[in-house]
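Heads up: the structure comes next, in structure tokens.
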Amino acid sequence: MSTPPSDPDQREVPDRAPDSDQLKDDLRKIFDSQIPNYGDYNLVLAANERYQHREPHGARVITPKYYVVGYRWKPTEIMIAPVDSHTLAASGIPVEINMTNLSHVLRLNDGHFEVGTSTGRTFRFGVQPEARFSSGPHSQLTIDQLDDQTDFDAFMTAFIAMV
């Protein structure tokens, strides 16, 4: 019995989920492809677990919204790059927030953050020590970012104090 030739254009689905380091590399590539001077930023995966939007027929739906958040201490700024967790691809235009366009930044009661720009853009998100999400053929992926989350929390504490 012969087997049919394989289709070189068909992508194989990996049978093993990517590990934390591979996921960090994938998110770095998403960020780097969109941001000038990308090497200057530390990155974390952030999520707004209560993001609400409307379906075309008008119903409100709550779905998580994910961001690759780049931050740097000098100059003090953050870049928020929306990411599609299912495809691990960019899903919107990144927004730079620094002292020239910052309208507000605060820590919410649940430990998450809200950051707004002077042009009216507002982002709510949290950064977890273990970021968990679903993607493509894998039901659950995890990024270990305990050290990153600790550093990001210190950064946001300093960022809030500047305002």
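Everything numeric in this text was worked out from a predicted model, so none of it was measured.
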Margin query: Working note: Q145 + D147, criterion side chain to side chain donor-acceptor pair (under 3.5 Å); need CA distance, chi angles, decisive distance, verdict.
Written below: CA-CA 6 Å; Q145 52 183 20; D147 293 338; over 6 Å; no
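I93 and I80 fall into different hydrophobic clusters, where Ile, Leu, Val, Met, Phe, Trp and Tyr side chains are chained together by heavy-atom contacts under 4.5 Å. At a threshold of 4.5 Å between side-chain heavy atoms, the hydrophobic network of Ile, Leu, Val, Met, Phe, Trp and Tyr places Y71 and V163 in one connected group. Placement of V44 and L146 in two distinct hydrophobic clusters is found when ILVMFWY residues are connected by side-chain heavy-atom separations under 4.5 Å, directly or transitively.
You'll find the side chain of R28 reaches within 4.5 Å of the side chain of L43, heavy atoms only. Contact of the Y67 side chain with the M79 side chain is not registered, since no non-hydrogen atoms from C-beta on lie closer than 4.5 Å. With a 4.5 Å cut-off on side-chain heavy atoms, F159 and M99 count as touching. Side chains of Q149 and Q128 form no contact here, defined as non-hydrogen atoms less than 4.5 Å apart. The shortest side-chain heavy-atom distance between I160 and F113 falls under the 4.5 Å cut-off. Here the side chains of T122 and V115 are not in contact, with every heavy-atom distance at 4.5 Å or above.
Applying the salt bridge (Lys or Arg N to Asp or Glu O under 4.0 Å) rule to pairs touching residues 151-163 yields R107-D153, sequence neighbours excluded.
Using cut-offs of 30° and 60° for the angle between ring planes, the F125 and F152 rings count as tilted.
In this structure a side-chain-to-backbone donor-acceptor pair under 3.5 Å is missing from T117 to L102.
Distance CD1/I78 to CG/N42: 13.0 Å, rounded to 0.5 Å. Separation of atoms CG (D32) and CG (D25) is listed at 10.0 Å; rounding is to 0.5 Å.
A donor-acceptor contact closer than 3.5 angstrom links the side chains of H112 and D110.
Cluster partners of L106 are L108, counting Ile, Leu, Val, Met, Phe, Trp and Tyr whose side-chain heavy atoms approach within less than 4.5 Å, directly or via other members.
Between D40 and K74, none of the side-chain N atoms (NZ, or NE/NH1/NH2) sits under 4.0 Å from a carboxylate O, so this pair counts as no salt bridge.
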